[in-house]
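See structure below.
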Amino acid sequence: MRALTYHGSNDVKVDNVPDPILQELDDVILKVTATAICGSDLHMYRGKIPAMKSGDILGHEFMGEVVETGPNVTKLQKGDRVVVPFVIACGSCFFCDMDLYSACETTNPDRGSIMNKKSLRSGAALFGFSHLYGGIPGGQAEYVRVPKANVGPIKIPKNLADEQVLFLSDILPTGYQAVLNTGVGKGGSLAIFGAGPVGLMAAASARMLGVEKIFMVDHHKFRLDFAQQTYGVIPINFEECDAAEFILDHTDARGVDGVVEAVGFEAKGSAVETVMTNLKLEGSSGKALRQCIAAVRRGGTVSVPGLYAGFIHGFLFGDIFEKGIGIKAGQTHVQKHMPELLKFIEEGKLHPNAIISHRLNLSQAAEGYKMFDKKEDDCRKVVLTP
């Protein structure tokens, strides 16, 4: 089969690789009908994620048709059309029983990225990610093996097109959970740092949930313009002003009720942070987080769906304490949110496909990565079809 494979920093290509086979009794094989390039994929594309190996198949946003099932698969059958969550969870461990699927204790044989791990068990394995998280082949391919197929893959009604539901695999539940984690609801105020796909899904979710005032912070005009036109956000270009000061100026010098940090560890930081990161003296840029801490009101919450690892200098924990701020972060418990979000899509309350800007064949995946990475041709979101 054909699949998009990793070969080093800024080097991905579509190769011919062996077809996947059933390995466990509860596996299924999926014929992929649609897959997407995610911002998290770009971290690997840029060579920023450790434990990647040449030939790894990327992609964790995908859907398709079940073509083969293991003998212990009870919830799916051949011919079912499903969307697959990027988190691989067993459904029955200590954390899965609490609907904390990304904390599943049984699916990841590797160590994860926690630096001070001690004897802590690893969290869930992830599709198409590094060998810190299982090294499970991803879905930017013609076929993919789906482990734990009784837990997660959700059947899709025939009346919904692939593009309407594809983002149930990651960015829609990620944006939705990020907003829920802030605790901001009807009539409240929210700031979203990062107008990429997750930030846009957070804006869509916030608007659906009745959040009254939504600030969106980015430095790409085409992203901000889209967010303003589609979700009615107040756009802030952080290259033209201090974003946190702008938010304070427009909230009676108090700040917003909640903040979503949808940028992650590759946020555009200071010159000092750039040098420290290049020298491996720092794991991430903390600039976006510092702005979030400054922009949220006392007693508010900063929600962080953006990917982080390692350590950050200038974290300003004293400001968190002084303002009484809550922090909620982590990978998304996708399986928990998929049924509810599917219902919202069916009811016409959410239209996640609105953010798609480019549609390419899988054979053009490398071109899609480059375009998305460089923000060429006003690229917001790329969908690939095998």
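What you see below is based on every heavy atom in this structure, not just the backbone, and it leaves out hydrogens, waters and symmetry mates. Counting begins at 1 with the first residue of the sequence.
- Within 6.0 Å of the NZ atom in K375, the count of heavy atoms belonging to other residues, nucleotides or ligands exceeds 12.
- Contacts classified as salt bridge (Lys or Arg N to Asp or Glu O under 4.0 Å) and involving residues 193-211 (residues at least two apart or in different chains) are not found.
- Summarising the geometry of L4 relative to A365, their closest heavy-atom pair is CD2-CB, 3.6 Å, with the distance given to 0.1 Å.
- Put simply, the side chain of D26 never gets that close to the backbone of N72: no donor and acceptor are under 3.5 Å apart.
- Between the CD1 atom in I355 and the CZ atom in R223 there is a gap of 10.0 Å [rounded to 0.5 Å].
- Salt bridge present: R2 and E142 bring a charged side-chain N and a carboxylate O closer than 4.0 Å.
- For the pair K381 (side chain) and I37 (backbone), a donor-acceptor distance under 3.5 Å is present.
- In terms of hydrophobic clustering, with Ile, Leu, Val, Met, Phe, Trp and Tyr side chains grouped at heavy-atom distances under 4.5 Å, V12 and V32 are assigned to different clusters.
- If you chain together hydrophobic residues whose side chains sit under 4.5 Å apart, F372 and M44 fall into the same group.
- Every side-chain contact (heavy atoms from CB on, under 4.5 Å) that D319 has, sequence neighbours left out, goes to I293, L316.
- Residues L172 and I345 have side chains in contact (heavy-atom distance under 4.5 Å, counting atoms from C-beta outward).
- Of the inter-residue distances, the one linking R121 atom CZ with F95 atom CZ reads 8.5 Å to the nearest 0.5 angstrom.
- Counting heavy atoms from C-beta outward, H250 and I234 have side chains that stay 4.5 Å or more apart.
- In this structure, S122 and G112 approach most closely via the heavy-atom pair OG-N, 4.0 Å.
- Between L307 and I49, some side-chain heavy-atom pair lies under the 4.5 Å cut-off.
- The aromatic rings of H337 and Y176 sit perpendicular to each other, their planes meeting at more than 60°, with 30° as the lower class boundary.
- In this structure the side chain of C96 never reaches within 4.5 angstrom of the side chain of Q335, judged on heavy atoms.
- In this structure, N181 contributes its side chain and P305 its backbone to no donor-acceptor pair below 3.5 Å.
- Note that CG of D377 is 10.5 Å distant from CZ of R380, once rounded to the nearest 0.5 Å.
- In this structure, the side chain of E261 engages the main chain of V263 through a donor-acceptor pair within 3.5 Å.
- To the nearest 0.5 Å, the span separating CE on M63 from OG1 on T33 amounts to 4.5 Å.
- Remark: the backbone N or O of A34 is not paired with any side-chain donor or acceptor of E163 at under 3.5 angstrom.
- Summarising the geometry of Y133 relative to A124, their closest heavy-atom pair is CD2-O, 3.7 Å, with the distance given to 0.1 Å.
- Other residues sharing a hydrophobic cluster with L120 under the 4.5 Å side-chain heavy-atom criterion for ILVMFWY residues are I114.
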Item to complete: List the steps and the verdict of salt bridge (charged side-chain N to carboxylate O under 4.0 Å, His left out) for E347 and K349.
Response: CA-CA 6 Å; E347 294 171 348; K349 295 178 180 178; 3.2 Å; yes
Item to complete: Carefully, step by step, assess Q228 and M216 under the rule side chain to side chain contact (heavy atoms under 4.5 Å, CB included).
Response: CA-CA 8 Å; Q228 183 179 28; M216 178 74 83; over 6 Å; no
Practice prompt. Determine, stepwise, if the pair D162 / R81 fulfils salt bridge (charged side-chain N to carboxylate O under 4.0 Å, His left out).
Written response: CA-CA 9 Å; D162 282 9; R81 183 165 159 257; 2.9 Å; yes
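- No side-chain donor-acceptor contact under 3.5 Å links Y308 and S113.
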Worksheet item: Taking it one step at a time, do D257 and L190 satisfy side chain to side chain contact (heavy atoms under 4.5 Å, CB included)?
Response: CA-CA 6 Å; D257 299 321; L190 183 74; over 6 Å; no
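- Partners of H333 under the ring-ring contact (aromatic ring centres under 6.0 Å, His included) rule, at least two apart in sequence or in another chain, do not exist in this structure.
- Hydrophobic cluster membership differs between I136 and V151, with clusters built from Ile, Leu, Val, Met, Phe, Trp and Tyr side chains linked at under 4.5 angstrom.
- Using a 4.5 Å heavy-atom cutoff, the side chains of L58 and Y45 are not in contact.
- For E212, there are no side-chain contact (heavy atoms from CB on, under 4.5 Å) partners two or more places apart in sequence or in a different chain.
- Between the side chain of D27 and the backbone N or O of G70 there is no donor-acceptor pair closer than 3.5 Å.
- No donor-acceptor distance shorter than 3.5 angstrom exists from the side chain of K148 to the backbone of T107, with no hydrogens or angles considered.
- A side-chain N or O of Q140 and one of Y369 form a donor-acceptor pair less than 3.5 Å apart.
- A distance of 12.5 Å separates CG in L42 from NZ in K48, rounded to the nearest 0.5 Å.
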Worksheet item: Given C90 and E105, is the side chain to side chain contact (heavy atoms under 4.5 Å, CB included) satisfied, shown in steps?
Response: CA-CA 8 Å; C90 71; E105 295 182 309; over 6 Å; no
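- Other residues, nucleotides and ligands place no more than 12 heavy atoms under 6.0 Å from the CZ atom of R254.
- Formation of a donor-acceptor pair under 3.5 Å by the Q291 side chain with backbone atoms of A244 is found in this model.
- Heavy atoms from other residues, nucleotides or ligands lying under 6.0 Å from NZ of K78 number 12 at most.
- Side-chain N or O atoms of Q164 include one that pairs as donor or acceptor with a backbone N or O of A161 at under 3.5 Å.
- Residues E24 and P147 form no side-chain contact, since every pair of their non-hydrogen atoms from C-beta on lies 4.5 Å or further apart.
- Residues L76 and L25 are members of separate hydrophobic clusters, defined by side-chain heavy-atom contacts under 4.5 angstrom among Ile, Leu, Val, Met, Phe, Trp and Tyr.
- Residue K323 qualifies as enclosed at atom NZ: its count of foreign heavy atoms under 6.0 Å is above 12.
- Other residues sharing the hydrophobic cluster of M371, ordered by chain and number and joined by side-chain separations under 4.5 Å: none, the residue standing alone.
- At least one donor-acceptor pair closer than 3.5 Å links the side chain of R298 to the backbone N or O of E322.
- Put simply, the side chain of R111 reaches to within 4.5 Å of the side chain of L132, judged on heavy atoms.
- Between H220 and F222, the angle of the ring planes lies from 30° to 60°, which puts this pair in the tilted group.
- In this structure, CG in N353 is found 7.5 Å from CZ in F167, a value given to the nearest 0.5 Å.
- In this structure, V17 is a member of the same hydrophobic cluster as L22, with clusters built from ILVMFWY side-chain heavy atoms closer than 4.5 Å.
- Taking the six-membered ring for Trp and thresholds of 30 and 60 degrees, F246 and F215 have ring planes more than 60 degrees apart, a perpendicular arrangement.
- Of the residues V84, V82, L384, the one that meets the side chain to side chain contact (heavy atoms under 4.5 Å, CB included) test with F62 is V84.
- Looking at every heavy atom in both residues, I214 comes nearest to A203 through CD1-O, 4.1 Å.
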Item to complete: Starting from the C-alpha separation in whole Å, work towards a yes-or-no answer on side chain to side chain contact (heavy atoms under 4.5 Å, CB included) for D41 and Y6.
Response: CA-CA 10 Å; D41 292 327; Y6 175 85; over 6 Å; no
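- Shown here for Y231 and A204, the closest heavy-atom pair between the two residues is CE2-CB, 3.4 Å.
- The two atoms that bring G310 and M115 nearest to each other are CA-SD, 3.4 Å, heavy atoms only.
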